[in-house]
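What follows is a short report on a single structure.
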Amino acid sequence: MATTSAPSTAAAATGAPEPVLAVQDLRVWYGTERGPVRAVDGVTFEVRPGETLGLVGESGCGKSTLGRGVLGLTPAGTALDGVVDFKGTNLVGLSPKHLQKLRGPELGLIFQEPMTRLNPLMKISEHFEEALRTHEKGLSRQQRRERALDALRGMGIPPSRYHAYPHEFSGGMRQRIMIALALVLRPAFVVADEPTTALDVLVEAQIIKILADLRKNFDTALVLITHNLGIVAEACDRVAVMYAGHIVEQGDAREVFANPQHPYTRELLRSTISLSTTGLHYIPGSPPDLVRPPTGCRFHPRCPVAMRGCAEHEPPEVVLGSGVRTACWHQALEADPSLGEELGQGGRDALAAVKEISVADEA
Amino acid sequence: MSKQSGGLGRYVAQRLLLAVPMVLILLTLVFLLMRVAPGDPVSAAAGGKLGPEQLAEKRRIAGLDKPLFEQYLDYLGDVVTLDFGTTFVDHRKVSDIIIENGGATLSLTLGALFVAVLIGLPIGLFSGRYRDSAFDVTARIFGITTYAAPVFFTGLLAQLAFSGTWLPTSDQADPLTSLNIESVTHIYVLDCLIAGDWNAVEDGLKHLILPSITLGLLIVGVFIRMIRINVIQSLHGDYIEAARARGVRERRVVTQHAFRNALVPVITVLGLQVALLLGGAVLTEKTFNWPGVGSTLITYINQRDYIAVQGIVTVFALVVVLISMLIDFVNALIDPRVRY
Amino acid sequence: MPTKPDTESAARPDPSPGAGSGQRNDVLMEVEDLQVHFGMRGGALARISGRGGGAVKAVDGVNLTLRRGEVLGLVGESGSGKTTLGRTLLGLNRATGGSIRYGGQDLTELSERRLRPLRRRLQMVFQDPHASLNPSMDIRTAVGHPLRIHRLVADDEEYEAKVAHALERVGLTPAERYLSKFPSDLSGGQKQRAVLARAIIAEPELLVADEPISMLDMSVRAKILQLMLDLKRDLDLTYVYVTHDLASAKFFCDTIAIMYLGRIVEQGPAEQVFNEPRHPYTKALLAAIPEPDPNRSVPRNLPRGEVPDAAKPPLGCSFHPRCAAALPHCGWERRDLRALLERRWLDLAPDEYARERALIGNLDALAEPGPTRVLVTPGRGHSAADVLAYFRRLREEASETEPREPFWGGVTTMSEDGGQVVVEFVEARDPRLLPVVDSVSVACHLYAAPGA
């Protein structure tokens with residue numbers, strides 16, 4: 001995806017610290033019987049220390065694949081291309097041995113389903129012992145214990161439960177333990193993949209609070225993957241909206257929620273049912289098949305403001321004054337009207353009324 | 001939220017109490033099955049050889065003239081006092097048979113188990129770990145072949161291959177060396193050890209090799225498949241991915257996380273196999289002329305000695321209950337989730 | 001449990017003037033003191049001996065009136081009993097007490113055989129559309145299944161026509177396109193539509209929908225909700241909407257019952273409950289929902305802890321251990337003492353923690369439910385006086401800190417007795433579901449009439 005002339009100075013100007021992780025044109029695809037699925041197709045973003053980036057999208061948009069891909073934790077049969085620059089090292093193509101050493105002390109992952117993520121035969125203490133013994137060989141037994149208890153305490157797990165087995169904890173407590181287990185090694189970068197989806201409302205709020213506090217108390221850079229826009233609003237500094245393997249819009253969370261630029265972001269926000277919902281709104285159709293994605297802008301078949309040219313030409317990414325980056329022809333033309341030539345004759349005409357999309361195409 | 005852990009003692013007590021109705025049901029079944037057989041044990045075994053009065057007398061001695069329910073109570077009472085009856089044809093006490101021939105069966109079972117674990121465990125673990133590799137494919141073919149090959153076939157093959165070599169192909173021991181070994185435990189190799197006769201120990205072990213391999217190969221197939229599948233499954237476990245994400249070394253992920261969890265269900269299968277072996281090694285015992293309980297049972301079945309059969313089957317049933325209970329205890333020891 | 005749920009209250013909301021005319025014949029179903037208790041697994045021995053093994057009170061004394069044409073929301077977290085209650089309304093779970101009046105009969109007393117014809121009028125939609133369609137059955141067979149079961153069609157022609165009609169009703173048009181498809185050919189939303197078609201084909205009057213949209217994608221949820229609203233309007237349906245999602249409940253429901261550990265804690269017209277939540281639990285739930293509004297942030301004063309084990313519910317009000325506004329008689333007990341200590345220990349330095357932890361000799365025993373008097377054994381090397389002094393110090397400190405720790409209000413006396421410390425609590429009182437204003441009822445001592 002080409003970035004237009006608009007200079008990407010937003011970050012540099014503020015004198016923000018160097019990003020911990022800079023992803024550039026990352027592609028992740030895996031083979032199926034019908035052909036390769038391009039789950040992540042040219043994605044660029046970065047995260048700075050102490051910053052939380054929310055990665056939102058519907059199921060199948062590639063957000064989880066992206067999260068795993070960055071950590072090199074994709075299943076066998078997956079191919080990666082592009083650059084994942086972590087503190088100057090490109091993680092793509094790094095040897096498994098080298099990656100293993102980084103995972104834990106540098107790169108962490110928090111999972112969706114906490115119930116099954118702890119080894120049922122090992123005590124909580126053994127999990128911590130293992131992690132600390134693997135990565136911090138210099139610690140004494142006493143030091144390891146103190147580090148573990150510290151991490152657990154921070155997550156609200158009383159020290160009196162240190163020697164209990166996983167099955168003795170509830171789902172919410174297990175998720176706290178998982179987070180403690182990731183943070184005990186003080187990683188610089190953490191991916192949290194739908195960490196609250198399996199939890200109850202109140203526990204979800206507790207965990208969101210913990211994650212929101214994380215950026216204040218540690219310098220951890222966090223990518224929070226979720227389908228829940230509310231969680232992004234409450235726990236994230238910046239947000240990246242994914243659709244069909246692309247990031248269609250990214251920027252300051254407040255800004256994006258207040259002034260969504262990309263039509264998909266707008267439609268997604270409108271169709272979310274929240275406490276202030278007074279009418280039902282939905283996006284017609286369904287996300288595309290990633291084996292054969294639509295040409296041009298991938299959202300054009302469902303887009304209420306699609307133009308003829310959108311169906312043929314992939315929109316360039318533009319950086320707006322607010323620092324928000326978006327990939328939509330409407331914004332691109334506004335930023336640089338000369339681009340209109342690329343769309344060709346009649347390219348700006350409305351696309352013959354988003355063709356009657358029936359239930360046949362719905363998700 | 002927190003379930004009381006460490007209730008192992010209570011769990012064991014509970015499990016023991018639960019075994020009581022289980023044993024009762026089994027005993028009732030054994031008793032009823034024996035009565036369902038046409039005719040009564042006495043006329044079945046001695047019919048045609050004795051006159052009607054003598055038969056009636058024999059029946060009275062065996063208590064077979066009493067009402068069915070009373071017989072049932074007698075039977076239960078006898079079992080409780082570990083009196084499993086006396087055989088009809090040669091007046092041996094069933095408990096003596098168990099003691100005298102049980103040793104041989106036990107040696108064979110343990111030998112076979114040793115072989116099965118020795119071969120099956122590493123092959124199964126490796127197969128699962130390196131799924132679909134050349135090794136895995138070979139191991140699976142090996143597993144299926146050994147499972148499919150009938151015992152007498154493997155046994156005969158072994159006998160053919162080794163007859164006349166240093167490996168004995170029949171019997172539990174050399175008749176000459178066994179002469180001066182006193183039966184204390186009725187487990188031959190142990191008795192030889194007690195007697196301090198190292199030649200006899202070596203001879204006993206040698207005799208164990210072929211029958212153990214034959215019987216062990218029979219269950220090794222089940223083992224390999226079972227372990228392999230469990231390893232594959234636990235390698236896909238969520239906690240495996242989580243351990244990898246924490247940068248736990250791959251070797252430790254496989255051994256500590258995957259293998260340990262994979263072996264928990266295997267314990268159960270292992271125990272049930274032992275139970276099967278104890279009662280079902282008949283063919284192997286026959287092939288190798290092994291003086292175990294199984295072959296003794298066959299002899300009595302052929303002679304239609306129902307009392308002997310009932311006694312031996314009762315003991316088998318009790319052993320199965322005992323082993324299944326042991327499995328549960330072992331499971332409770334390794335898997336903290338079992339205890340409540 | 002020393003306290004018995006008190007459910008005889010006249011807690012049913014008055015008919016709201018807007019919805020229906022409020023006449024008796026508007027009542028579709030009347031639930032009274034409904035109880036669904038499940039025997040515990042695990043203790044096989046206890047089951048044989050018929051004693052010991054406790055029961056999970058999944059639904060524990062619920063009163064409800066379901067009016068024709070309304071959408072009743074059963075809202076709660078896991079373990080609240082909302083799903084069990086929904087299923088029991090259709091006879092899919094057996095009630096262990098109380099009654100469900102429907103069409104002049106008590107559903108709880110009917111045999112499976114007598115229930116079956118009624119099931120035509122009472123249908124269920126499950127959470128997972130994928131799991132509720134048999135993968136080897138094509139849509140024609142799956143959707144028409146109720147017609148066969150209840151023998152509602154004379155011949156294949158009528159069958160085809162009815163199935164096609166139902167499919168078109170739920171938006172699967174043209175029906176011919178879907179008749180021969182298998183569930184695996186359909187998307188999540190389409191599957192849920194097929195499930196809805198199956199539910200309405202036998203012309204039911206009540207639909208219990210258990211989280212019908214929570215497994216679907218954001219962009220489809222609104223579509224399915226809209227479809228359900230359309231169906232309700234066209235077919236005169238009554239809905240029971242079971243969910244943990246307050247946002248969709250607020251939009252979708254006429255009346256709301258908020259459930260916690262098997263009981264209704266607040267009940268009333270949706271608008272009133274959402275605009276002015278009264279029960280501390282309802283307040284907490286509403287405050288905790290993440291809203292896509294970046295100007296709002298997560299409240300700092302979230303209820304502590306999690307939903308307790310339903311097999312061992314807290315004494316008194318089930319919510320009291322998590323409630324910041326709890327009163328002395330809300331049901332304080334030994335487990336709360338343990339929780340209090342463990343919460344305190346979270347903030348201590350390791351050596352301080354070790355010192356305080358060593359004072360208590362029987363921490364594990366404090367994890368079990370028990371009467372309102374508890375004996376605390378001092379740890380090795382400590383005397384009862386040490387423990388007593390420790391507790392007194394904690395109480396002293398708590399009286400000086402904000403927010404107020406409600407636990408200490410529930411402690412009447414602490415004394416030494418035979419080398420142990422006796423802590424006595426205020427006798428627990430179960431809050432009854434009582435009308436607070438108009439049609440809103442709340443089960444909370446904060447709203448009880450003085451002296452009640």
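For the numbers below, each heavy atom of this structure counts, side chains included, while hydrogens, waters and symmetry mates do not. Sequence lines set the chain letters: A, B, ... in the order given, protein chains first and strands last, and positions in each chain run from 1.
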Note: B:Arg244 and A:Leu73 closest approach over all heavy atoms is CB-CD2, 4.4 Å

When only pairs under 4.5 Å are counted, which of A:Glu113, A:Gln100, A:Arg68 shares the most heavy-atom pairs with chain B? A:Gln100

Could you tell me whether B:Glu250 and A:Lys97 make a salt bridge, using a distance below 4.0 angstrom between a side-chain N and a carboxylate O? no

Check the surroundings of atom CZ in A:Arg186: do more than 12 heavy atoms from other residues, nucleotides or ligands lie under 6.0 Å from it? no

If we ignore hydrogens and angles and just use 3.5 Å, is the side chain of B:Arg246 paired with the main-chain N or O of A:Ala131 as donor and acceptor? no

For A:Met115, is it the side chain, the backbone, both, or neither that has a heavy atom closer than 4.5 Å to a heavy atom of chain B? neither

Take A:Leu118 and B:Tyr239 through the side chain to side chain contact (heavy atoms under 4.5 Å, CB included) test and state the conclusion after the steps. CA-CA 5 Å; A:Leu118 292 159; B:Tyr239 51 87; 5.7 Å; no

More than 12 non-hydrogen atoms from neighbouring residues, nucleotides or ligands closer than 6.0 Å to NE2 on B:His236, yes or no? no

Look at A:Leu185, A:Leu181, A:Leu99 and state which one has the largest set of heavy-atom pairs under 4.5 Å with chain B. A:Leu181

Flag yes if more than 12 heavy atoms outside B:Arg225 fall under 6.0 Å of its CZ atom; otherwise flag no. no

Nearest heavy-atom approach of B:Pro336 to A:Pro120 is CG-O, 3.4 Å

Within the structure provided, determine whether B:Arg249 and A:Lys101 are in side-chain contact (heavy-atom separation under 4.5 Å). no

Quick check: do A:Glu130 and B:His257 have side-chain heavy atoms less than 4.5 Å from each other? yes

With a 4.5 angstrom heavy-atom cut-off, which part of A:Leu107 approaches chain B: side chain, backbone, both or neither? backbone

Identify the heavy atoms of A:Arg103 and B:Ala245 that sit nearest to each other, and give their distance. CB-O, 3.6 Å

Neighbour count >12 (heavy atoms, 6.0 Å) for atom CZ, B:Phe114: no

Evaluate the side-chain proximity of A:Phe111 to B:Glu241: yes if any heavy-atom separation is below 4.5 Å, no if none is. yes

Going from CG on A:Leu121 to CZ on B:Arg337, what distance comes out if it is rounded to the nearest 0.5 angstrom? 6.0 Å

Specify the closest pair of heavy atoms between B:Gly247 and A:Thr134, including all atoms of both residues, with the distance to one decimal. O-CG2, 3.6 Å

For atom OH of A:Tyr162, is the number of surrounding heavy atoms from other residues, nucleotides or ligands below 6.0 Å larger than 12? yes

